[in-house]
Amino acid sequence: MKIATFNINGVNGRLEALLEWLEEAEPDVVCLQELKAPQNKFPAAALEKAGYGAIWQGQKSWNGVAMLARNADPVETRRGLPGDPDDLHSRYLEAAVNGVLIACLYAPNGNPAPGPKFEYKLAWYERFLAHAEDLLATGAPVVLAGDYNIMPTDLDVYSPERWRDDALFRPEVRKVFARLMAQGWTDALRKLHPEERIYTFWDYFRNAWGRNAGLRLDHLLLSPNLVGRLQGGGIDRDVRGRDHASDHAPTWIELSDT
DNA sequence: ATGTCCATGGCACATGGA
């Protein structure tokens with residue numbers, strides 16, 4: 001079972017690129033972020049034609065998350081994080097596919113920091129951590145997949161010193177990620193590549209792709225009962241190098257059948 | 001600070017968010 005996360009940065013603007021990647025990569029489940037499309041503008045018919053059932057939570061202009069399943073329909077278990085009915089951002093979807101509970105998340109960016117956007121990011125993560133703990137307590141096999149907008153360690157940044165004060169890398173958010181790990185989750189890509197510099201995002205600015213000035217922002221975290229099923233994983237870097245690409249590359253894992 | 005994308009409103013290109 002191949003599970004991918006991909007910040008598409010505009011699902012309609014990059015629909016052709018998404019369909020091309022789906023055809024060549026054949027993921028079983030895809031978590032998409034930054035749809036930048038309202039609920040009624042999600043390209044469900046085109047994805048259905050490509051063989052993918054979908055659920056999505058759109059939003060005008062910004063944010064937006066979706067989950068696709070190959071030759072199946074995700075069985076939705078939750079939309080939106082619990083804990084704040086006033087939070088209207090579309091950043092969280094959760095569904096079961098083929099016996100695995102999968103969360104699709106798009107964490108707030110948080111810049112500029114300090115400031116209200118950074119406070120929102122930290123508050124959002126407090127709710128996320130509380131919910132992640134509840135998911136672990138169910139004993140279900142769970143994958144938390146998405147754009148975390150956090151580089152967990154220096155190994156996840158092309159130039160750590162330049163990012164120390166950024167909302168994606170400040171001590172407060174790295175501590176949040178460490179607390180998540182302490183709950184018992186496994187960072188799948190880091191487990192597969194413990195020493196390697198691996199990136200999932202390259203800024204559009206300053207020729208970041210050409211210089212390989214990347215960041216690792218997109219993560220798939222596994223509940224303890226899934227770690228033994230982790231067969232492999234990677235980042236489809238070549239997708240980032242194409243014309244009209246998203247600034248993120250698809251990131252994926254392969255789980256064995258039970 | 002800079003840089004480059006997306007979507008929006010409205011029909012040219014400025015703006016916000018990332």
Side-chain angles (χ1 to χ4, degrees), chain A residues 5-21 30-44 46-47 56-66 86-92 104-125 128 145-152 156-159 161-170 172-174 176-177 199-219 235-251:
Chain A
T5 180
F6 187 12
N7 180 321
I8 191 69
N9 190 10
V11 71
N12 288 307
R14 296 188 214 285
L15 182 58
E16 290 311 309
L18 174 61
L19 293 171
E20 184 182 5
W21 170 72
V30 184
C31 296
L32 295 174
Q33 301 86 29
E34 277 205 84
L35 303 179
K36 292 185 174 177
Q39 190 67 11
N40 64 356
K41 291 281 176 59
F42 182 80
L47 292 164
W56 64 95
Q57 188 189 23
Q59 183 178 335
K60 189 172 150 186
S61 303
W62 304 303
N63 308 321
V65 285
D86 294 331
D87 182 4
L88 301 178
H89 291 200
S90 295
R91 297 187 177 277
Y92 189 86
C104 174
L105 62 126
Y106 174 50
N109 176 295
N111 275 305
K117 290 186 177 182
F118 191 59
E119 293 307 312
Y120 171 65
K121 181 177 194 173
L122 295 177
W124 188 91
Y125 262 115
F128 180 67
D147 177 359
Y148 283 69
N149 269 318
I150 296 177
M151 298 88 91
D156 304 308
V157 193
Y158 68 97
S159 173
E161 294 315 317
R162 294 194 177 198
W163 289 84
R164 292 284 177 218
D165 291 329
D166 192 275
L168 309 190
F169 198 51
R170 287 172 69 97
E172 298 95 319
V173 297
R174 277 183 285 135
V176 160
F177 197 87
Y199 306 135
T200 67
F201 166 91
W202 294 261
D203 213 311
Y204 290 123
F205 301 163
R206 295 176 292 267
N207 189 32
W209 170 249
R211 297 185 296 123
N212 193 29
L215 308 172
R216 192 170 75 99
L217 302 179
D218 303 274
H219 310 298
I235 294 148
D236 292 337
R237 286 177 54 109
D238 59 305
V239 172
R240 177 63 182 86
R242 294 175 187 172
D243 289 343
H244 207 55
S246 168
D247 41 6
H248 295 249
T251 306

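Lettering of chains follows the sequences in order, A, B, ..., and the numbering in each one begins at 1.
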Residue list, side-chain hydrogen bond (donor to acceptor under 3.5 Å, both in side chains) with A/Gln59, at least two apart or on another chain: A/Asn63

5'-most contact on DNA chain B: A/His89 or A/Asn12, nearest heavy atom basis? A/Asn12

Could you pull out all residues at least two apart from A/Phe42 that satisfy ring-ring contact (aromatic ring centres under 6.0 Å, His included)? A/Trp56

A/Arg206 or A/Pro38: which one's nearest nucleotide on DNA chain B is closer to the 5' end? A/Arg206

Assess, by modelled atom type and distance only, whether the side chains of A/Trp202 and A/Asp247 contain a donor and an acceptor separated by less than 3.5 Å. no

Taking ring-ring contact (aromatic ring centres under 6.0 Å, His included) as the test, write out the residues that go with A/Phe169, two or more places apart. none

How far, in whole Å, is B/dC13 from B/dA1 if one measures between their C1' atoms? 23 Å

Leading and trailing nucleotides of DNA chain B with any atom under 4.0 Å from heavy atoms of chain A: B/dT2 to B/dA18

DNA chain B: stems of at least 3 consecutive Watson-Crick or G-U pairs, cut-off 3.5 Å? B:4-9 with B:13-18

For the C1' atoms, the ones on B/dA7 and on B/dA12, what distance do you get once it is rounded to whole angstrom? 16 Å

Taking only residues two or more places apart in sequence, or in another chain, which ones meet A/Trp124 in a side-chain hydrogen bond (donor to acceptor under 3.5 Å, both in side chains)? none

Same-atom distance (P) from B/dT8 to B/dG3, integer angstrom: 25 Å

For A/Tyr106, ring-ring contact (aromatic ring centres under 6.0 Å, His included) partners two or more places apart: none

Could you list the residues that satisfy ring-ring contact (aromatic ring centres under 6.0 Å, His included) with A/Trp62, not counting sequence neighbours? none

Could you list by number each residue of residues 110-123 of chain A showing a heavy-atom separation from DNA chain B of less than 4.0 Å, or answer none if no residue does? A/Lys117

Pairing residues for A/Asp165 by the side-chain hydrogen bond (donor to acceptor under 3.5 Å, both in side chains) criterion, not counting sequence neighbours: none

Can you spot which of A/Thr251, A/Thr200, A/Asn7 makes a side-chain hydrogen bond (donor to acceptor under 3.5 Å, both in side chains) with A/Asp218? A/Thr200

When you compare B/dT15 with B/dG10, how far apart are their C1' atoms, in angstrom units rounded to a whole number? 13 Å

Apply salt bridge (charged side-chain N to carboxylate O under 4.0 Å, His left out) to A/Arg164 and list each qualifying residue two or more places apart in sequence or on a separate chain. A/Asp154, A/Glu161

By the 4.0 Å heavy-atom rule, please label A/Tyr106 as base, sugar-phosphate, or nothing. sugar-phosphate

Please, which pairs that meet salt bridge (Lys or Arg N to Asp or Glu O under 4.0 Å) have at least one residue in residues 201-217 of chain A, sequence neighbours excluded? A/Asp156-A/Arg216, A/Asp187-A/Arg216

